[in-house]
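First up is the structure itself, then whatever we jot down about it.
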Amino acid sequence: MDHLRSTAVLVLLLALLFQSALSQQETQPLRSHVERLALIWLRSSLGLRSKDWPIKADPCLIWRGIDCRDGVVTGINISGFKRTRLGSQNPQFAVDALASLTHLESFNASFFALPGQIPDWLGHKMHNLHVLDLHSCSIVGAIPSSLGELLSLSVIDLSHNLLSGSIPPSIGNLANLQRLNFSGNKLSSSIPVQMGSLASLVELDLGSNHLGRILPSGLNGMRSLRKMVLGNNELMGALTDGFFSALTQLEFVDLSQNYFEGKVPYYGQSRASLGANCLQRVSKQRTLAECASFYASRGLPFDNFGNPGATDPPRRTRKRTIILAAVLAAVALLILLSLVLLLLLCTCRCGSSPQLEDGRVDHIPDPIYGHLVEYFLTSRVWDEHLRARSFCCCSCLYRQAWPFMG
């Protein structure tokens, strides 16, 4: 009995010693002088307050948001931090110091203003990074293709920024990625088909961008996907049967506020949010005018919600009509200007009226000329002044043309 008690006490003591050693290992101070200088540099470039990162204290033990393991920095979380008064006057995406933190696995700067572009070196040097969270940081510019080199990455969140351009196809190289969120930006072009290679991806959110064109069928390679949000974009075309049937783990998909047309596959009827599209036999869709105008602006026919006589794009025909009308108007204007100019020339060269003192017209032997003069002088439309002018112009025209008629 005493032997059993002694064994139990020994095991308990060993467990306490192991826990104490493990605790000391997790909370041991920062070992690397290079990493300490890098953290101080980062503190200065971001304008962080001494309240959060006191310069004399050990970063692994005291600094807020710093995670260490074995005396090296593995995580930085400055989410929601406030800058000093001087640092807030000129905030920038100044994180060059991170390049010296080669063991960094997580960087979270969400809700911390980082106006500027994501540096290209970030993908070239931070190979141990597992989590990159830059949600709501006021970032601008394009997503660098170098992020496709972060092969250890499992979470990337660049949502609610001012990112523009297209999604780099290199994102499809992130084989370990489980969560991707690029929503709430200004991304355009199409969704790269290479993203279908993200077989480990569980959540995908590309909503509220300007992504267009058809939905790549290759995306059905994301067989671990449970949540897909593509709403509020400019995606179009038909939804194929094979797209939904291949995503067997899919629990929710948001395709609302796009321009998808055609029939909804059976697999998508119960799983998808489909409002504000151009789909057949689905409630709360866009109007016929909206859908037809969208497809016509891209030179594509619209299926007219499945009704006979699909609407073809009318823009080219309308453009031809406008061009033809403009040409005809220009020709008519040139003819009118020519006639006015000719009348002015005749009036200037003609001089006085060829009437005699008793009001009779001087006799011109040619019968055609006589008929023209008689018509103008007897017309009720013209007043006396215009009759004289008309006679003068006709006389002048006839006299100038007479040598060629003779």
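If you read the sequence from its start, that first residue is 1, and numbering goes on from there.
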message: Any side-chain to backbone donor/acceptor pair from W121 onto A99? Under 3.5 Å, distance only.
response: no

query: Among S79, S136, S159, which residue meets the side-chain hydrogen bond (donor to acceptor under 3.5 Å, both in side chains) test with S110?
result: S79

- request: Please check if the side chain of N233 supplies one atom and the backbone of N258 the other of a donor-acceptor pair under 3.5 Å.
  value: no

- prompt: Given P59, which of I40, I76, V73, L39 fulfils the side chain to side chain contact (heavy atoms under 4.5 Å, CB included) condition?
  reply: L39

- prompt: Out of curiosity, W63 CH2 to W53 CH2, how far, rounded to the nearest 0.5 Å?
  reply: 6.0 Å

- prompt: In Å and rounded to the nearest 0.5 Å, what is the NE2 to CG distance from H210 to L187?
  reply: 9.0 Å

Spacing of CD1 belonging to I156 relative to CD1 belonging to I171, to within rounding of 0.5 Å: 5.0 Å

- line: Shortest non-hydrogen pair, L225 vs V202, comes out as CD1-O, 3.5 Å

task: May I ask you to check whether Y259 and F294 place their ring centers less than 6.0 Å from one another?
output: yes

task: Verify, without hydrogens or angle tests, whether S183 (side chain) and D205 (backbone) share a donor-acceptor contact under 3.5 angstrom.
output: no

query: So, H127 and E149: side-chain donor and acceptor under 3.5 Å apart, yes or no?
result: no

query: Is the backbone N or O of W41 less than 3.5 Å from a side-chain atom of S44, with the two atoms forming a donor-acceptor pair by type?
result: no

task: Report the distance from atom CG of N209 to atom CD1 of I167, rounding to the nearest 0.5 Å.
output: 7.0 Å

- request: Kindly indicate whether the side chain of F182, heavy atoms from C-beta on, has any atom under 4.5 Å from the side chain of N161.
  value: no

- prompt: For H130 and S154, does a side-chain donor sit closer than 3.5 Å to a side-chain acceptor?
  reply: no

field: Test item: L46 and R83 side chains (from C-beta on) under 4.5 Å apart, heavy atoms
entry: yes

field: Beyond-backbone contact of L158 with N181, side-chain heavy atoms, under 4.5 angstrom
entry: no

- line: The reported gap from CZ in F302 to CE in M236 (rounded to nearest 0.5 angstrom) is 13.0 Å

query: Crowded around R226 CZ? As in, over 12 foreign heavy atoms under 6.0 Å?
result: no

message: Whether E234 and R213 form a salt bridge (side-chain N of Lys/Arg under 4.0 Å from carboxylate O of Asp/Glu) is what I want to check.
response: no

- request: Decide whether S146 and D120 meet the rule of one side-chain donor and one side-chain acceptor closer than 3.5 Å.
  value: yes

- request: Please report the closest heavy-atom contact between S145 and S170, naming both atoms and the distance.
  value: O-OG, 2.7 Å

field: Chi angles and distances behind the side-chain contact (heavy atoms from CB on, under 4.5 Å) call for L255, V253
entry: CA-CA 6 Å; L255 302 178; V253 57; 3.8 Å; yes

query: Is L163 close to I139 at the side-chain level, that is, under 4.5 Å between some pair of heavy atoms?
result: yes

message: Is a donor from one side chain sitting under 3.5 angstrom from an acceptor on the other, for N173 and Q194?
response: no

task: Please step through side-chain contact (heavy atoms from CB on, under 4.5 Å) for the pair L230 and L211, ending with a clear verdict.
output: CA-CA 9 Å; L230 302 177; L211 299 170; 5.7 Å; no

query: Above 12 or not: heavy atoms from other molecules or residues under 6.0 Å from CD1 of I214?
result: no

field: Non-hydrogen atoms of L174 and L198 that approach each other most closely
entry: O-CD2, 3.2 Å

message: Show, in sequence, the C-alpha distance, side-chain angles and deciding distance for M222 and L204, and conclude whether the side-chain contact (heavy atoms from CB on, under 4.5 Å) test is met.
response: CA-CA 10 Å; M222 299 185 290; L204 172 66; 3.8 Å; yes

message: Would the distance check show the side chain of Q285 and the main-chain N or O of L274 forming a donor-acceptor pair, the cut-off being under 3.5 Å?
response: yes

field: Side-chain heavy atoms of I78 within contact of L48, under 4.5 Å
entry: yes

message: Whether the side chain of T74 engages the backbone of D67 through a donor-acceptor N/O pair (distance < 3.5 Å, no angle test) should be reported.
response: yes

message: Quick one: does any side-chain atom of N220 pair with a main-chain N or O of A246 as donor and acceptor, under 3.5 Å?
response: no

Note, D133 side chain near N77 side chain (heavy atom, < 4.5 Å): no

message: On a heavy-atom basis, which atom in L250 and which in K227 lie closest, and how many Å separate them?
response: CD1-N, 4.0 Å

query: Is a side-chain N or O of T287 found less than 3.5 angstrom from the main chain of E290, in a donor-acceptor match?
result: yes

message: Before you tell me yes or no, could you show the steps for E35 and H103 under side-chain contact (heavy atoms from CB on, under 4.5 Å), namely the whole-Å CA-CA distance, both residues' side-chain angles and the distance that decides it to 0.1 Å?
response: CA-CA 10 Å; E35 289 193 350; H103 300 281; 3.7 Å; yes

statement: When every non-hydrogen atom of R36 is compared with those of A57, the smallest separation belongs to NH1-O, 3.4 Å

- line: dist L235:CG -> N277:CG (nearest 0.5 Å) comes out at 9.0 Å

- line: Nearest heavy-atom approach of S88 to P91 is O-CD, 3.4 Å

query: Is the shortest heavy-atom distance from the side chain of E105 to the side chain of R69 under 4.5 Å?
result: yes

field: NZ or CZ of R298 within 45° of Y295 ring axis and under 6.0 Å
entry: no

task: Would you check if the side chain of N307 reaches a backbone N or O of N304 as a donor-acceptor pair within less than 3.5 Å?
output: yes

- request: Give a yes or no on whether the backbone of G141 and the side-chain of Q117 come within a donor-acceptor separation of less than 3.5 Å.
  value: no

query: Is any side-chain heavy atom of L98 closer than 4.5 Å to a side-chain heavy atom of L42?
result: yes

